[in-house]
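Order of the sequence lines sets the chain letters (A, B, ...), proteins ahead of strands, with each chain counted from 1. The structure displayed is predicted, hence computed values, not measured ones.
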Amino acid sequence: QVQLQESGPGLVKPSQTLSLTCTVSGGSISSGSYYWSWIRQPAGKGLEWIGRIYTSGSTNYNPSLKSRVTISVDTSKNQFSLKLSSVTAADTAVYYCASHPPLLRAFDIWGQGTMVTVSS
Amino acid sequence: QSALTQPASVSGSPGQSITISCTGTSSDVGGYNYVSWYQQHPGKAPKLMIYEVSNRPSGVSNRFSGSKSGNTASLTISGLQAEDEADYYCSSYTSSSTTFGGGTKLTVL
């Protein structure tokens with residue numbers, strides 16, 4: 001059973017780049033066909049899809065964040081990563097990594113989430 | 001890419017049934033049968049409850065069911081139990097993006 005675990009700094013300064021990593025355990029990120037996504041949730045608010053990367057490396061991003069987001073895969077470390085540039089307080093949220101096989105089209109595996117605060 | 005529209009809150013008594021609606025457009029909910037529903041308890045990650053409008057993943061109670069008509073999808077929970085109290089989110093998947101609803105807080109009275 002594949003499991004996901006987010007990691008990264010819990011505090012980021014305004015205008016800097018937020019960087020998070022999701023480690024995949026219980027399976028290889030490069031075997032099989034999966035979509036690997038990032039989703040965030042500000043405190044007390046709803047879920048917002050950030051973007052996804054396919055096993056092949058192709059990506060899709062939320063249009064509202066596209067100019068600031070990069071999602072990549074590191075097969076040697078069995079990880080995928082999120083970089084969000086020029087952050088502001090509005091980017092403060094719990095960040096989840098999630099995945100699904102392409103034919104499911106729904107997130108069946110989630111990480112536990114990691115809180116990121118943007119503050120000086 | 002606008003968020004899908006859900007009621008902010010619904011409530012019901014144990015044993016009753018409730019329905020949560022999720023309204024989108026012909027470009028998302030109405031255009032694809034890729035609507036899913038997630039349950040989220042406080043401080044926890046969301047859990048997939050329904051996928052492709054009406055399918056339940058293994059292990060999800062058959063008290064949860066989904067449907068769709070036009071641009072509106074619905075989640076029905078029958079035989080309400082105290083453990084069903086949570087936030088529920090709908091989601092619509094397309095080939096280029098995923099959109100979530102604003103979430104509905106279910107209170108079991």
Side-chain angles (χ1 to χ4, degrees), chain A residues 1-7 20 22-23 33-54 56 58-69 71 82 93-115, chain B residues 1-9 20 22 24 27-29 31-60 64 66 68 73 75 86-105:
Chain A
Q1 174 72 8
V2 172
Q3 293 184 310
L4 306 177
Q5 177 68 58
E6 305 90 348
S7 60
L20 295 175
C22 183
T23 299
S33 300
Y34 267 79
Y35 279 101
W36 310 96
S37 282
W38 287 96
I39 296 159
R40 69 180 183 180
Q41 184 174 36
K45 296 188 178 181
L47 300 168
E48 180 180 33
W49 178 76
I50 299 171
R52 66 184 178 222
I53 187 165
Y54 189 49
S56 65
S58 64
T59 55
N60 297 109
Y61 298 129
N62 186 323
S64 68
L65 299 169
K66 186 175 183 177
S67 63
R68 299 193 292 131
V69 175
I71 297 175
L82 168 69
V94 174
Y95 285 76
Y96 294 99
C97 56
S99 70
H100 66 87
L103 293 182
L104 181 59
R105 299 179 179 93
F107 303 107
D108 59 341
I109 302 173
W110 293 72
Q112 65 183 29
T114 187
M115 179 69 201
Chain B
Q1 183 175 341
S2 300
L4 308 176
T5 301
Q6 298 181 232
S9 63
I20 299 171
C22 170
S27 296
D28 40 58
V29 174
Y32 305 85
N33 285 326
Y34 300 140
V35 176
S36 51
W37 290 90
Y38 301 86
Q39 177 192 65
Q40 186 180 36
H41 287 109
K44 300 296 186 181
K47 174 187 176 183
L48 179 63
M49 305 301 284
I50 296 286
Y51 67 95
E52 293 177 4
V53 177
S54 60
N55 294 302
R56 282 187 309 276
S58 175
V60 172
F64 292 83
K68 190 184 84 168
L75 172 71
D87 293 326
Y88 290 85
Y89 294 90
C90 64
S91 175
S92 178
Y93 180 102
T94 72
S95 60
S96 60
S97 68
T98 293
T99 304
F100 287 99
T104 299
K105 181 176 180 58

query: Measuring from A:K45:NZ to B:D87:CG, what's the distance to the nearest 0.5 Å?
result: 14.5 Å
- prompt: Which bit of A:I109 comes within less than 4.5 Å of chain B, counting heavy atoms only: side chain, backbone, both or neither?
  reply: neither
query: To the nearest 0.5 Å, how far apart are CZ in A:R105 and OG in B:S92?
result: 11.5 Å
- prompt: Should the heavy atoms of other residues, nucleotides or ligands under 6.0 Å from OH of A:Y95 be counted, would the total exceed 12?
  reply: yes
statement: From the list B:S95, B:G102, B:P57, B:P46, the residue making the most non-hydrogen contacts under 4.5 Å with chain A is B:P46
- prompt: Is the ring centre of B:Y93 less than 6.0 Å from the ring centre of A:H100?
  reply: yes
- line: So, the part of B:Q40 with a heavy atom under 4.5 Å from chain A: the answer is side chain
- line: A:N60 and B:S96 have their tightest heavy-atom pair at CB-O, 3.3 Å
- line: Value for CZ (A:F107) from OH (B:Y89), rounded to nearest 0.5 Å, stands at 14.5 Å
statement: Under 4.5 Å to a heavy atom of chain B? For A:L103 that would be backbone
- prompt: Which pair of heavy atoms, one from B:F100 and one from A:L47, lies closest together, and at what distance?
  reply: CB-O, 3.5 Å
- prompt: How many angstroms lie between CG in B:N55 and CG in A:L104, if you round to the nearest 0.5 Å?
  reply: 9.0 Å
message: Does any backbone or side-chain atom of A:Y35 lie under 4.5 Å from a heavy atom of chain B? Answer side chain, backbone, both or neither.
response: side chain
Gap separating the CG atom of A:D108 from the OG atom of B:S36, nearest 0.5 angstrom: 10.5 Å
field: Side chain to side chain, A:W49 and B:S91, heavy atoms closer than 4.5 Å
entry: no
message: With a 4.5 angstrom heavy-atom cut-off, is it the side chain or the backbone of B:Y38 that approaches chain A, or both, or neither?
response: side chain
- prompt: What part of B:P42 is in contact with chain A, defined as an atom under 4.5 angstrom from a non-hydrogen atom: side chain, backbone, both or neither?
  reply: neither
message: To the closest 0.5 Å, what do you measure between OG1 (B:T99) and CG (A:N62)?
response: 7.5 Å
